[in-house]
Amino acid sequence: MVKLIRSNLHKDRAVMIVFMLIIMIASMLMHTSLLINTYDEVYDSKAEKQDIPDAIEQVRTDDDISGIINGCDKISQYSVTDMILPAETVFTVNDSAKEITNDTALFYEYGTQGIAGEHSFVERDESVSGRKLYMNLGLARSNGINIGDRIHLKMDHYNGLEFTVAGIYEDLFNGVGMSYNSVMLDTQGFEQMKACAQKAADAGNTPQTQKLIYMRFVDGAAHKDGLKQLREAISAKGYYNYGYTMELARKAYVGIITLLVPFLSTFAVLMILICIIMIIFAISNNISRDIRNIGALRAVGHTAGQVRTSLTLEYLLIGAISTAAGTALSYVFFPMLEKAFLRGLTGIVCKTGFRPAATFGVIACILLAIVLTAFIASARIKKLHPATALRFGLQTNSFKRDHFPLADTKGGLNFLLAAKSAVQSIGQSISVFVVIVTVSFLTFFSLMLYYNTKIDSYKFQRLLQGDTADAYIEITGDEARRQEILKELRTYDGVSEAYSLCFQTATINGEDVDTYVSAEPQSIYCGVYEGKMCMQANETVIGGELAKRLGVGIGDEIKISNVGRQERYLITGFQQAVYGLGERVYLTDEGARRIGLEPSYSIIRVRMHEPSDEKVDKLLEKAKAYLGSECVSTDNYYRYQRSEENLPVFASGMINVVFILLSLVIVFLIIRLLLKTVFIKREKEFGIKKAMGFTSRQLRLQLSLSLLLPAISAALLGSVGGYFLVNPLFNAVFSSYGIKNSDLTVKPMMIAITALSVLALVFVLSFIMSRKMKKVAAYKLISE
Amino acid sequence: MEKQNKKKVLIKTEKLSKSFSVAGKQQHIIKNLDLEIYEGDFTVIMGPSGAGKSTLLYALSGMDKPSLGSINYCGQEITAMNDDALAVFRRSHCGFVFQQIYLVDSMSIMDNAVSTGMLTGQKKKALKQKALTLFERVGISSELAGKFPAQVSGGEAQRAAMVRALINDPEVVFADEPTGALNSAGVKAVLDVLTDINRGGQSIVMVTHDIKSARRADRIIYIQDGGIMGECILGRYQSGDKKRHEKIRAFLEDMGW
Ligand SMILES: Nc1ncnc2c1ncn2[C@@H]1O[C@H](COP(=O)(O)OP(=O)(O)O)[C@@H](O)[C@H]1O
Ligand SMILES: [Mg+2]
């Protein structure tokens, strides 16, 4: 029996290698997605080890606020740090080799983290010359900044100083693209920067110096409630403030990365499915080919069970080697991926030691699937009578029906012969079908994602962020002046909307909710997927997730309150967005003022008809020229949204690359596998046909067409499936992120592009890879 | 000899050599062989096993390329052709019959013939008609023609294979021990067909081991150690010709058969 296994392995070595590769990739992907899935844990264990505070709060003031904090009974411990929080910082790296503009950087003095303690350094070199700067890992990695780099800081209106990077550290609160990014300066440097900021504020600019409060709460107090108490106390004094708990911070760190997990593991599962199909196909081939051997074994007394077991063991052996290799590779690749991408994406270092549960879990699951498949697929052996097997051998799979008799069927010779073999090699055709359905679906998905992030990304951005615009202009001046400016901007070429949207915090049922207020609600596209935008003072639009939690519907009234004042608002629509997790509330300006909110519209959003980087730049130039000193800052958001700096775009780019690469690899491997089997099975037939005068090119064409025929319906099914399913899939995957009714753009054209490119790939690859046909010689027949 | 010279040369080889490398060692199977095959002849090639008969046959028919020397087919130098050109050459000039029959298992007997016929661009309707006529000529019913190779007897399969060989009206049919695997009734039927088509003007080049088959030849060439040992001219076959049998036996004895 062992001999039988070994001889099979030897004969099919080429086929088995392809098999092993597929299983290896599947197990590598699955294992990697499990490793990525540990980011939650990694963050938590770091948080515990560094004993990070429970919450953080930014307060825009230079006054002493310890009195306010002391008045909060839920806070057990706190520290206050001075920081500089510019609206925009320009980092010029190594004498303008690189210029990075960032609006989330905050600066404080090294050593003043108070109860947050010392940040954990990833790299450090105190021997660098000049003023020292320490940067958090996320900011450093996503911008390619290293120890020893010289960085010149320019904050808003004033030129700052030059520093040298002396350390890179993990900051578990202010250290990732989606939240704020901390940068620490040496004492002298920080004092000098603070003086500059002070001067700018004295000159009438928005003050940049703020307080950063780290806090811990008394036992039993929910972090959210503790923070709320503080924020209410601070708001009551009229200070602008912003804060979040460690639970929210963690979401910002691991949110994007854990989004990758469902995609990767779905892909891995699909690959395993493909594997299963291929095992069924290969086993049925094995049985047909080795039918005499099997007959002989049974004739000398082996039971059907023994023969089946030996076949199954063969696959178990292959599976064991490949899953072990796949998981091992995942341990090799993950650290590379982690260093190159994930650190920038998550802001934390993730060192995965050996993870036995993940590793053995993946190995066990895949092996179980393989063994079950092999055992079930070999059930045919049970029905095989030894005498029949010995006598008829291969002829048991004799061809019974005459499909497409050549003389009576329309079509060319190559096409008809391809059709015949597609129908006769039903196992092969089913394999192609399943694989191509999968690959087409993934390709459609990638194409859709590409279109929605690179070509027309409005819907994608709105799904993520709610309302977005192409240009942001920060202005000074009162409401009357703002109205004038809006009027002016609306006359500019290409401008479709000019409006403001202000972020506030209100309360529903005692819970803080992010509240967005606008005096121009008609201009807001905040992702209303049901109902309509609120236009009247007594109307509101709320996040779908929030509505579900509150159990309210459109047409219901909800009470929204703020510092003791409460009003009832009519829900006119539901809104969705990943940011805010579907928990936002939108109000009109008048509606917000009814509960004492005081929205300030210092930022004007401008949306354009058919914008482009250049058009937005031009618009901003024109606006700056018009506004003069009234313009605080501008931002070409159109450009930002499409850049890799925009993490979701970066992440979907990564998903695209992974999907497309793996699709290519799968198609390549499967075609290779099928062709190997075809050449083992049909070499004699090809020799005969060559003798009859078929050219290699004709035979290759027939072979490629026979793979292409089942692929045609599969490619159509896969891409049409994609067309109808990507949005529901998005809803399912992102439901807990607030997405209820994804409306990403899908176009019938994408079906055509996907199907055609997948089919072209199948045809071209199989034609190229069947060049072995040239070596099949007619004269081989002699030596038979 | 006078009479032979009047015949038109169909295939002419000059210094034809073929060697295979087996386990790194060159084995010379055909050595400097000069041979002419005449149009309209039923040529039989005989010789001991392993002499290189099949190797010669497949070189003559453009199925395999010689190592050295030239093969000229009606003025065309086929040794200069690439693989695909050779395939086109084979489909339009040659028919093949093998000891192992070599029908394509996955196609019906009819389609085995029709697919070969379609290679030369014949129209389907006419092709089917022609195939049916040929099947009738070799004694295969249209019902049988609809079956698959595995469903018929060896003799029937070989006759079906002859239809495939004839479907493109080849100038020459190459047969490598076509009767080797058949019972005596099968042998006779196949030989009758070959004789019959030869009478119709098509040339035959057949390798055989069997004196009874060799009787059908106009000319027998004896091959040994990669060269021509001798040849025997017999003239047209007539059944019941006792002398013919004796002549062949004497020739073979001479050759050390
Ligand atoms: N493709 C090949 N590779 C190596 N040796 C070959 C090949 N084809 C034939 N031979 C060898 O050439 C010799 C002649 O073979 P063949 O022409 O088949 O002889 P026969 O006269 O019996 O038909 C044999 O020894 C055979 O082993
Ligand atoms: Mg031979």
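Each chain gets a letter, A, B and so on, in the order its sequence line appears, and its residues count up from 1.
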Looking at residues at least two apart in the chain, or sitting in another chain, which of them share a ring pair (Phe, Tyr, Trp, His ring centres under 6.0 Å) with B:Phe174?
B:Phe96
Of the backbone (N, CA, C, O) and the side chain (C-beta and beyond), which part of B:Leu119 lies under 4.5 Å from a heavy atom of chain A, both, or neither?
both
For B:Leu103, is it the side chain, the backbone, both or neither that has a heavy atom under 4.5 Å from a heavy atom of chain A?
backbone
Under 4.5 Å, heavy atom to heavy atom, which residues of residues 694-706 of chain A contact chain B?
A:Phe694, A:Thr695, A:Ser696, A:Arg697, A:Gln698
Does A:Phe415, at its CZ atom, have more than 12 non-hydrogen atoms belonging to other residues, nucleotides or ligands within less than 6.0 Å?
no
More than 12 foreign heavy atoms under 6.0 Å from NZ of A:Lys772: is that the case here?
yes
With a 4.5 Å cut-off on side-chain heavy atoms, are [Y] and [X] touching?
X        : Y        : answer
A:Pro405 : B:Met110 : no
A:Ile688 : B:Arg164 : yes
A:Lys689 : B:Val104 : yes
B:Met107 : A:Leu417 : yes

Please find the pair of heavy atoms, one from B:Met118 and one from A:Gly412, that lie closest to each other, and give the distance.
CE-C, 4.3 Å
Nearest heavy-atom contact between A:Leu406 and B:Ser115 is CD1-CB, 3.4 Å
Okay, side chain of B:Lys124, backbone of A:Gly411: is any donor-acceptor separation there less than 3.5 Å?
yes
Please round to the nearest 0.5 Å and tell me the distance separating atom CE of A:Met692 and atom CZ of B:Arg90.
9.0 Å
What is the distance from atom NE2 of A:His403 to atom CG of B:Asp111, rounded to the nearest 0.5 Å?
11.5 Å
Can A:Asp408 and B:Lys128 be said to form a side chain to side chain contact (heavy atoms under 4.5 Å, CB included), step by step?
CA-CA 9 Å; A:Asp408 308 322; B:Lys128 188 172 179 185; 3.0 Å; yes
Applying a strict 4.5 Å limit to non-hydrogen atoms, the region of A:Ser421 in contact with chain B is neither
